[in-house]
Number of protein chains: 2
Amino acid sequence: MSRSAGLKKPARWADAVPAREAQFEIKRRALVREAARAFGRRGFHNTSLEEIAEALGVTKPALYRYVRTKHEILFEAKTIAFDAGARARDMAFSGTEDPLERLRLYIVHYIELVTSELGSYAVLAEPVTSLPPEYADPIRARMREADRALRGMVQAAMDAGTLAAGDPKLVVAFFMGAINHIARWYMPDGPLTGREIGETFAHFVLNGIRAPLPRG
Amino acid sequence: MSRSAGLKKPARWADAVPAREAQFEIKRRALVREAARAFGRRGFHNTSLEEIAEALGVTKPALYRYVRTKHEILFEAKTIAFDAGARARDMAFSGTEDPLERLRLYIVHYIELVTSELGSYAVLAEPVTSLPPEYADPIRARMREADRALRGMVQAAMDAGTLAAGDPKLVVAFFMGAINHIARWYMPDGPLTGREIGETFAHFVLNGIRAPLPRG
DNA sequence: CCTACCGATCGGTAGG
DNA sequence: CCTACCGATCGGTAGG
């Protein structure tokens, strides 16, 4: 359609060397990840673009080659976190047919993802109100989507009789609160691996923290 | 010591009408509560003093009669939340001698307090980094204090054998994550009372969400 | 308790 | 990718 279309040069080296665009994506991702880490630690408004730029070894205006606004960065960071949740659900579904075991797998996998990215997922704690409607609305939609999916998983296990009957909403609020809180205290170089935390939390959620043989 | 001391007029009506100072305290508290609510909902930096003033029916400069800085307001709001936690612990200790029951009482009471203040306690989610060191340091100290106290309660129940042996730190992180998250989704005019949520969450924490009689 | 108003921070842009 | 620099927001103050 465009007049310049006919002038496009053939790809050099038959695209064997995608260098330029690949570099761009790599840099952009590094920017979003670094920002996510900072936003999660200190909060969106307590983190200036200049600080992010400094952490990446460039100046603030350079960031604008990769991103349009600060809001866009937060939006991308949150999107990555929601994608991880969706991936954990996929893994849980393809891992087993049993509703209760699915829930367990979801918890373990999601926690492993959350703890494997240098704390980038703490951005989930940043209020959506830090974003203008154009970004906040899709994020809220994804929150509802994740909630709906998890409630469905809980309901399925209740229907199967392996979960105590009750309000799925409350159950999801319970364990997602505990899980999303992890990003706020987890230290990648601490004594516990993501897997260990995942297994432990999954056990706590399903079986509680009580001793198996309460003394009378 | 002051020269005007000798000129002080006797208290009118023998202090039966403390009006002035009481009014001041009432207004100050209304200010902090309103701000806490707004900070918890939209975040500290997304809430301007002008918005808070408007919600109270005054102009921004009027707030400075009751408070020195915006930071001080956030500090007070967080302090109130920590005081509630301490009160819940006191109630738990004076309510029973049994370590496990104490934990249960703490959870129920704390959740009841958190849900009984129009969402003021969501300020706990605001990062301490929104405060300058002079305020952030005491807040961090109180976080550590609360953590230590709760770990002690958990350890006691483990020693008594009513809680499964394990890492008290992880146990506390687990249930406090779930509990503090409540302030972020609780609606005072929703279908659930704070008491109901408290009882349910306490049960989830202690016994898990699993059905009591899993089918084989 | 209000009407102005100042000062600093910081997101974003110009221009190279 | 950098050196300037603009513009808006907003916490806080003056003065009444």
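The sequence lines fix the lettering, A, B, ..., with proteins before strands; numbering per chain opens at 1.
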DNA chain C nearest-nucleotide lookup for A:Ser48 and A:Arg65: closer to the 5′ end is A:Ser48
Applying the Watson-Crick and G-U criteria (both distances under 3.5 angstrom) with [ ] for crossing and | for other-strand pairs, one obtains for DNA chain D ||||||||||||||||
Above 12 or not: heavy atoms from other molecules or residues under 6.0 Å from CE of A:Met143?
-> no
* To do: Step through the shown structure and confirm whether more than 12 heavy atoms of other residues, nucleotides or ligands are within 6.0 Å of CZ on A:Arg184.
  =>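 Count over threshold, so yes.
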ask   = Which nucleotide of DNA chain D is the first, and which the last, in the 5' to 3' direction, to come under 4.0 Å of a heavy atom belonging to chain B?
value =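 In short, chain B contacts DNA chain D from D:dG11 to D:dT13.
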Next on the checklist: Could you tell me if the side chain of B:Val171 sits less than 4.5 Å from the side chain of B:Met158, heavy atoms only?
Outcome noted: yes
- Any side-chain heavy atom of B:Ile73 sitting closer than 4.5 Å to one from B:Leu49?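 Counting from C-beta outward, B:Ile73 and B:Leu49 do come under 4.5 Å.
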Quick note, side chain to side chain donor-acceptor pair (under 3.5 Å) partners involving residues 140-152 of chain A, not counting sequence neighbours, are A:Asp83-A:Arg142, A:Asp147-A:Arg151
Looking only at heavy atoms, the pair that brings A:Tyr66 and A:Arg28 closest together is O-NH1, 2.6 Å
Discussion item. As a quick check of understanding, evaluate ring pair (Phe, Tyr, Trp, His ring centres under 6.0 Å) for B:Phe175 and A:Phe174, giving each step before the final call.
Written reply: CA-CA 9 Å; B:Phe175 70 74; A:Phe174 169 69; 9.8 Å; no
Next item on the list: Dump the intermediate steps for salt bridge (charged side-chain N to carboxylate O under 4.0 Å, His left out) on B:Arg104 and B:Glu199, then the final yes or no.
Entry: CA-CA 8 Å; B:Arg104 209 188 63 77; B:Glu199 299 283 2; 3.3 Å; yes
